[in-house]
Amino acid sequence: MSPWKELIEARNLSLLGFRETLEGGQSFSWYPTSETSWIGSFKSKVVELKFSDNTIFWRTSLKHKASEAEIINYLWLDKSYESAVNNLPWRSDSVLAQCIQALPGLTILNQPLEETLFYFLLSSAKSIPQIKEAVFLVCKNFGTPLGNNLWGFPGWQVLSEVEEKELRELKLGYRAKYVCGVAKILQEDPAYLKKISRLPYQEAKSKLISLPGVGPKIADCALLFGAKQTEAFPVDTWISKTLDIHYNLESFNPVQKIIFARSHFGKFCGLAQQFLFSGERLGLIKLN
DNA sequence: CATCAGGACACAG
DNA sequence: CTGTGTCCTGAT
């Protein structure tokens, strides 16, 4: 590994917000190396990140090297993050304000779409540790060894040659069929995901939903965490509960909740979703 | 031993 | 368009 270096852009963070960013359900390829550091990979590059002295330090594998610019981009550490947070309606929304205050520096990761889609295809009716394990097993069996007990995402081309039965044995269950189905489509049209990432949010979402195993929730997760589409607002059971309790939306169905979110939280509603999601998950939202 | 989980899908009404 | 059963598997 390279020597530790300080990430110049990293300011106004918290350990809690940073930890939630890496292991709060956006990505499934980060592993703790201490109380305050994690090692992980994206695009087959290996990075270790450490929270210290209210900022972030990083080092990278010499063989599978990432640049500082890539890391800043991955972690959304440029100034556009601050203005996105500032754009959220925290001044008039005390629930959101509580979450933002409790989780300084919580960001949306800018992950590769192909990897993110894979993660969330495996996510249905699974907990974070279970998703992580399944992702790890597939990468270990079909991906490239990156050292440090890490394996890179195999890519859809490779996955298109894997039998459904093999994936089922790696704890994917009925999701194995989805992975094979998506792999086949992407193998026939390798530019499919690239095209999607250039489309406006709604069109991108409809195209993703046409893939097997991808419904509204998973499409929104793929777009928010894998295409930096902060307009996407994934409605899972957690956020659904949060909206029911704190915004009195018990009678709203998921589609109505998305419409409410877009109109109430604005064009960065996906970022608001992440604050609320983590706030709810960690029990940080106090009732008035 | 039954139920449910950070869903999707097929099918019925 | 809304409502329900089914699908893998592990945890409770």
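Basis for what follows: all heavy atoms, side chains included, without hydrogens, waters or symmetry-related copies. A note on names: the letters A, B, ... follow the listed sequences, proteins ahead of strands, and every chain is numbered from 1. Keep in mind that what you see is a predicted model, and the values were worked out from it rather than measured.
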Aromatic plane relationship, [Y] with [X] - under 30° parallel, 30 to 60° tilted, over 60° perpendicular:
| X | Y | result |
| --- | --- | --- |
| Phe233(A) | Phe265(A) | parallel |
| Phe42(A) | Trp30(A) | tilted |
| Trp156(A) | Phe153(A) | perpendicular |

**Report entry** Between dG5(C) and dT3(B) - C1' atom distance, rounded Å
**Finding:** 15 Å
Query raised in the report: Roughly how far apart, to the nearest Å, are dC8(C) and dC11(B) at atom P?
Result: 15 Å
Between [N] ([atom2]) and [X] ([atom1]): distance, integer Å:
| X | N | atom1 | atom2 | answer |
| --- | --- | --- | --- | --- |
| Gln256(A) | dC1(C) | CD | C1' | 12 Å |
| Lys177(A) | dC8(C) | NZ | C1' | 10 Å |
| Lys171(A) | dA11(C) | NZ | C1' | 13 Å |
| Leu172(A) | dT9(C) | CG | C1' | 11 Å |
| Gln130(A) | dC8(C) | CD | C1' | 10 Å |
| Lys165(A) | dC8(C) | NZ | P | 14 Å |

Report task. Fill in the dot-bracket string of DNA chain B, one character per base: . for unpaired, | for a pair to another strand, ( ) or [ ] for pairs within the strand, taking Watson-Crick or G-U pairs under 3.5 Å. Result -> .||||.|||||||
Query raised in the report: What string of B, S and - do you get for nucleotides 6-13 of chain B, 5' to 3', when a contact is any protein heavy atom under 4.0 Å?
Result: BBSS----
Query raised in the report: Does the pair Lys184(A)/Glu188(A) count as a salt bridge with the N-to-O cut at 4.0 Å?
Result: no
Requested in this report: Sequence neighbours left out, what passes side chain to side chain contact (heavy atoms under 4.5 Å, CB included) with Ile128(A)? Give chain and number order.
Outcome: Phe28(A), Arg281(A)
Side chains of [X] and [Y] only: does a donor on one sit below 3.5 Å from an acceptor on the other?
| X | Y | value |
| --- | --- | --- |
| Tyr81(A) | Asn12(A) | no |
| Ser80(A) | Asp78(A) | yes |
| Ser240(A) | Thr237(A) | no |

Report summary line: When Glu6(A), Glu48(A), Glu68(A) are each screened for salt bridge (charged side-chain N to carboxylate O under 4.0 Å, His left out) with Arg59(A), the one that passes is Glu48(A)
**Report entry** Base dC7(C) paired with Arg175(A) side chain (donor-acceptor, <3.5 Å)
**Finding:** no
